[in-house]
Amino acid sequence: MLSFTLQRIGKAVVVIIGVIILNFLLIKLAPGDPAAILAGEAGSGDPQYLENLRAQFGLDRPVPVQLWNYLSGVLTGDLGFSYRNQVPVLSLILERLPATLLLTGAAFAFSLATGVLFGVMAARYRGSALDSIITTLALVFYATPLFWIALMSVLLFSINLGWLPPFDMETIGAGYTGWRRALDIAHHLILPAVTLGLFYTAVYTRLTRASMLEVMGLDFVKTARAKGVPNKRIIRRHVLRNAVLPVFTFASMQAGQLVGGAILTETVFAWPGIGRLMFDALMQRDYPVLLGVFLVTAIVVVIVNFIADLLYRIVDPRIGIA
Amino acid sequence: MSSAEAPLLSVKGLSIPLPPGFDRDYAIKDITYDLDAGEILCVVGESGSGKSMTANALMGLLPSYLKPSDGSIEYKGRDLLSRSEEELRELRGREIAMVFQEPLSALNPLMTVGDQIDEVMLVHGETDRSVRARRVMDLLDYVGLPDPKTLKDSYPFRLSGGQRQRVVIAMALALEPSVLIADEPTTALDVTTQAQILDLIKRIQQAKGMGVIFVTHDFGVVADIADRVVVMEKGLVVETGPAEQVLNAPRHPYTRRLIKAVPHRRAEDGADASSPAADDVLLEVRNLNKTYRSGGGLFAKPRIVPAVQKISLTLRQGQTLGIVGESGSGKSTLGRVIIKLTPSDGGQILYNGKDIAPLSPAAFRPMRQKIQMIFQDPFASLNPRQTVGRILVDGPLANGVSRAAAQRRAEELLARVGLDASAYKRYPHEFSGGQRQRIGIARALMLDPEVLIADESVSALDVSVQEQVLKLLKEIQDQLKLGMIFITHDLRVAAQICDSVAVMRRGEIVEMGPPSQIFDAPQHEYTQRLIAAIPGKGWDPQEAAQGSYEETV
Amino acid sequence: MQNLKRFSQNYGAVLGLVILGLIIAMALAAPLLFPGNPWRTVAMPLLRPMENPDFLLGTDMLGRDIAAGIAHGAKVSLLIGVVSTLVAVLIGVSIGALAGFYGGRVDDLLMRFTEFFQIIPAFAMAVVLVAIFSPNIVSITLAIAVVSWPGVARLVRAEFLSLREREFVQAAIVIGQSGPRIIMTQVLPNAISPIIVTASLMVATAILTESALSFLGLGDRNMMSWGFMIGAARTMLREAWWMSFFPGLAILLAVLAINLIGEGINDLMNPHLRGRKK
Amino acid sequence: MAQDAPAAEVTPGGALNMIVQPEPPMLIVGLNTQGPTLYVAGQIYQSLLTYDASLNPLPQLAKSWEVSEDGLTYTFSLQEGVKWHDGEPFTSADVVFAATEFLVDAHPRWRLIAEAYVESVTAPDDLTVVFKMKKPFSAFLYGFELSSFPIMPKHIYQGTDYRTNPANSTPIGTGPFKFKEWQRGSFIHLVRNEDYWKDGKPYLDELYFRVIPDAASRSIAFEQGTVDVLRGGDVEGFAIRTLTALPGVESTTAGWEYFSPQMFIQPNLRLEVFADRNIRKAMYHALDRDFIVNAIFFGQGKAARGPFSATTMFHDPDLQQYPFDMDLAKKLVAESGIDLSKHPIRLMGLPYGSTWDRLAEYVKQQLEELGFVVTIQAVDAGGWLQNIGSFNFDLAFNFLYQFGHPAQGVSRNYYSDNIVQGTHAGNNQAYANPEVDALFTKAADAVNQEDAAAAYTQVQEILAEDVPLLWTFDMQNTTIYRDKVKNLVRTAIGLNEPMDDVWIAK
Ligand SMILES: Nc1ncnc2c1ncn2[C@@H]1O[C@H](COP(=O)(O)OP(=O)(O)OP(=O)(O)O)[C@@H](O)[C@H]1O
Ligand SMILES: Nc1ncnc2c1ncn2[C@@H]1O[C@H](COP(=O)(O)OP(=O)(O)OP(=O)(O)O)[C@@H](O)[C@H]1O
Ligand SMILES: [Mg+2]
Ligand SMILES: [Mg+2]
């Protein structure tokens, strides 16, 4: 286990450094001088002012030097300074990260739970009306643009029915604490998490169904039937666990993608997370923030994958020693 | 008819139609046979003859889209076909148990062995945990597994194939059923393991007085254990009778054909074993080594498998050198290293005196045409997307032969291996297994090789087809005088076609010599064990197939 | 032939084909059905659907015909979907094939490289690329391609890894075919089915991604696409539901159709595969 | 507009909810004077003056002021008893620090004024500040509201790097509300300043500025009562109509007189086609600006009548006009002899939402009808600034605040020495007319208003004939609020004015 962990950490470091370099170069490739934009926003642009800004942000040095400075900064936990917000990037991101983790985590849990549930039901009653309904719905949700669902659900659940708050993470100014606050946040979480999760619910439903059907055809399921194991127990004890493992692995690999979807969801639901932060940073050419968000996202993804791998190893005895 | 006299299990006129679009209308048709308590009934027949289908029908385990249309299955006088699923479920495992062919996939990979055995008792109403636990230990012990205490908490992947098959048997025995159905339980195993499992089944059957239906395609196995035999062909039962009679005095021509095809030692064995001229050395292998290292990473320990160790051998023109050994002994690796599909770690491969081992793939490519290979799986070794013609001419084209010449040669060789000229334009899936293997042979011959390596080239084929392909290989070998390395795990096959046989164990050759020596006077202890494990030794199929008809009529 | 028959028995897939066929027909016929430029003001702003029989799907806030927009938008949406998928498949297949076939160090290197791209959320990356290279149909198409190839590469690699060990590939080595030739003639044709299935899903995803980009204001302003129409209509969701409803429906139908076809191919391929393995 | 309520009616207390859009990067108004920053910081920081709807100066931190006859000395007397939020007294030293150090360094507009006109700034005593001028500047008194002259605490900033000063995260001002909390991406929370220099004020206890990135969500937020006030630009034009129609909702277009944003289309005169005045006139005639205002901007504005917004000083109502006339436009093109289709152009819209996209689509339509081949260049906010600032555009949308006086907000667009890179607010189109330069300078340096007015009228006539920019419309911003919110808009800087008089009826 220790060697596995070390090996994974080694690999993760390589990947993350790669991601940093890739992003860094990408951003350097981009037309658009952050200093000029910053100056533009402030309404002034004499060359001296620009030079000052560039020097202040280290933009006047050659790209490899900048990259090196950035990398060595990252290694010491310094993700740089936001040009625009005049705040260290790390604190800016850390402030916003929990909201995104909460949102994507909830969406992830929601989509996985419902996806697996529906997938199992569809596979269990393969060919029935239930199966048709579930597969059709899964297809429809797979094919519907996320933001469309978001807008429609706000219209229905917030405006027409008034059940759920349409935006914000909590009731601002209410001053709730403890449980009351948790409940309040949960209430605000429902709409964004569900809309963000629906697409993945569809994905996991389809995956689970396919995986279940495949496992159902395997020899050991036949063995179980030959033993006289009741059908329900076969599904629960033999099929489900074997079928769900690949779904989990896939899901853990996809976890990062949720952050992409969060850009849209956070915009519509005014959710104070890093998806929105990233988008704003991009629009303002606040590159240190952009890089920082990518870096943090990559780290989160790596951690999620690592945890998933670890769980996989615990659940699946075959991998344990290999 | 009182139930005491009634057979334990009785199949009458059972037919299962296939949905439209299959190769035939019926999976099985009008099957009738009985099983008595305390006997072993062997069901034999070629692939697709309906053996498994019958067995599954007995268990009520047919796929949902297949339903028996006619006939009945009576267990202790009561019809099974009309039972509800719940009643059948009660019966399964308790009254009728089953063992499947593939030990590797028959166990749930995520459940411990003990839990899987435990489950049989649990679902049949044994609620006392400690009783079940004790029984699990007893069973594991009973089927001859070492150290049941730790084994019961192991996951299946840690067990060898033979051990897993024992677990499956233990599971089947858990509730002491009256009927055990075993569908080719030893086909996937080594001869030595097979012999042990056969022993085990026989012992249990005798001890418990069970009725056993044993499905197999190997007449050797039949000879070893059967009390009675049912022979099936294309979904029909063509012959039933006591083992003695079916084996030695088969009535139906199909049975006789099957028996005749069972591999056997050549009569003239040994006579020409040393006949090739001593100086026609084609290929000489010296101290060849290959060790697999896998799964190694920055911080992980690699898995090390010494698959080929210090192997030396010599292949002469016109000679067939057999390589035999258990699964995993390194036979295929040796073949692959010689043909440079896998790089070697050390040693020399002298082809016509030149060492080809150190050549780079690019440097070796022009020489490839002289050393060719015939593969094991006739289904997997032909590209399903290419026509047979394309498959054949690709080789010559890659070696600079003109398309027209290659095509002429292909047509010639198709005729040579006994295929119609029209085969040229067809796709592999339009051919049977035996025909495909002929295509594979033709492909190897397209390049006029001097050395031919055949890795399990007939193992995937039914005995009767196997016999034809072996004959074809023999003919070609005689005509073209090439040197052939014939890799097989079936000692009977090796005995039939090789001039010299090498026995491999764990990457090493433990014994090498003419078949007469290997089979009749094995020197090495391991060879002796192998020979002893060959099923059906006490029975000579040649004799049975020839004279017996007149005798019994 | 037999495949065709089997495919035609899959009603979902046939339905998908019919829908997609209609959409393609609509895209092709757009200049005839709705001559001229879909951006033109042709009627009163904000006509409801059916309110004026000439504008069945209503008009938007500048009096442009929604139906014309959908017909012309079909071309752009499909084009972006198909071209980006082609590019992604090209990159993905090349990288996946090299990694899978040659294995070892090549594989390690290429897969690490792939991981860099995979670990960044695809949509976020697309947003950045489009913003940085300024939104136009080329940058959008390429950005979608750039973020979607890693999936293909992984798939192709896995296919190649397993196909490489197949006996017919070994046979091709033994008869002396060269590496590139084996990749092209032996391995690739046998990996094509899963690639096609994945590609069909990618077309669908690309259409969705384009619409999401448009929604964020990162669409090509000169091309009427469905995503653009929704993006433009979203602020008027409550005043003029039809402005976003119809393009949304169009996206849903197109993606659904492509998905159904993809699944049809998948089903078609699976028994085939099973047959081959046996 | 100053609707001071009888004190008896006032019910103090309560929280006012507003939206700040987009989220400001920071609240240090000395470093950033963008709209969102000003909106929030206006409650924290203050300046010397503010202006009424007719742009007459009103006291803020300056209790009174005097201008010498020759226009060369400005003397401000400061309010007594003003304290910074951290308890330090506010004195004339802070004003001098702002005028001579902080703003010279960090505030682009002040720096230009300071360099060109200001000789010295001195503080004879704690409550008096004296500006001595190098030469008269007729607009000087119009540059002392918050966006033009924010006063920063000397005791915190002197001698530090202003941009990285750690105190930037906890702004300290003199205004009626103190900074409490900023949850980025979510809201900014201000609370009542108990020590505010106006006794008994402010009435409100708390202010919330919420961050809601999506326009549709913002209008829902108002509708549902989550916020009480919508600032101009918070919601799209058509939503204004529906929201103002709701019961209990009031609206006003007042409070923008000081800024008077004017939208114009900026042709890059470096291009051969646009260098031709006839073509510019033709383009101007090809646009139906009433349609733009009414159909695209839902009535939020008025078709522009010249380079000076109609709500600002010195606006000349009798200028030459360019009504929508496509035939005339085509005739002008024909006369110019230029084949427009040979000059494909890029149109760069403003990245501020779908209304602006619609405008771009409309302009493209009209220009194509005229004969141009137009591609819309889609840009995000960063890209727009970048392109405008580096002159990388053919035809761009732009709008500028006029800051109360042409010398501050208008002339910068036409001065030939203001053709500088790096700003969106200069003479980016590269218009150069010495006569215009001279007239603008003359007006700015005038000691009395009549001289200034004469020069401005003259320059407007020249510009109207030259059409260096296509002045499209005077933008109108509607503030929507619940009628329980009293005294909301009182001055020409509207919601940027400290809300010390605002109260909520119970
Ligand atoms: N699941 C199935 N669905 C449809 N047809 C089947 C199925 N399984 C087998 N068949 C068909 O039924 C017939 C009998 O098959 P069966 O598996 O019983 O043969 P077998 O004698 O067991 O062969 P083998 O030795 O290869 O195991 C064959 O024609 C086969 O194609
Ligand atoms: N590519 C490989 N990587 C790692 N180990 C391998 C590889 N191929 C084979 N081995 C291992 O090498 C040993 C010899 O394998 P090989 O396939 O040569 O045996 P074999 O005698 O041909 O067996 P069988 O009769 O089952 O075909 C086995 O333990 C096997 O697990
Ligand atoms: Mg079978
Ligand atoms: Mg082998």
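Chain identifiers are assigned alphabetically (A, B, ...) following the order of the sequence lines, protein sequences preceding nucleic acid strands; residue numbering begins at 1 within each chain.
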Just wondering, more than 12 heavy atoms not from Lys370(B) lying within 6.0 Å of its NZ?
->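 Result for NZ/Lys370(B): enclosed.
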
Might you confirm whether atom CZ of Arg112(C) has over 12 heavy atoms from other residues, nucleotides or ligands at distances under 6.0 Å?
-> yes

Quickly, which of Gln372(B), Gln369(B), Arg368(B) forms a side chain to side chain contact (heavy atoms under 4.5 Å, CB included) with Ile175(C)? Name it, please.
->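 When side chain to side chain contact (heavy atoms under 4.5 Å, CB included) is applied between Ile175(C) and each of Gln372(B), Gln369(B), Arg368(B), only Gln372(B) qualifies.
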
Minimum heavy-atom distance Ala171(C)-Ser381(B), with the two atoms named |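 Smallest interatomic distance, heavy atoms only, reads CB-O, 4.3 Å.
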
Which heavy atom of Arg365(B) sits nearest a heavy atom of Ser178(C), and at what distance?
-> NH1-CB, 3.5 Å

Chain C contact via [X] - side chain, backbone, both or neither, heavy atoms under 4.5 Å:
| X | value |
| --- | --- |
| Gln386(B) | side chain |
| Ile374(B) | neither |
| Leu447(B) | side chain |
| Asn383(B) | both |

Any sub-3.5 Å donor-acceptor pair from Arg385(B)'s side-chain atoms to Asn190(C)'s backbone N or O?
-> no

For chain C, the option from Met446(B), Arg336(B), Lys340(B) that forms the most heavy-atom pairs under 4.5 Å |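 Of the candidates given, the most pairs with chain C belong to Arg336(B).
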
Go through Ile339(B), Asp394(B), Asn399(B) and name the one with the most non-hydrogen pairs under 4.5 angstrom from chain C.
->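 Option with the top pair count is Asp394(B).
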
Taking the side chain as every heavy atom from C-beta outward, state whether [X] and [Y] have any pair of such atoms under 4.5 Å apart.
| X | Y | value |
| --- | --- | --- |
| Gln177(C) | Leu397(B) | no |
| Phe168(C) | Pro428(B) | no |
| Met373(B) | Gln170(C) | no |

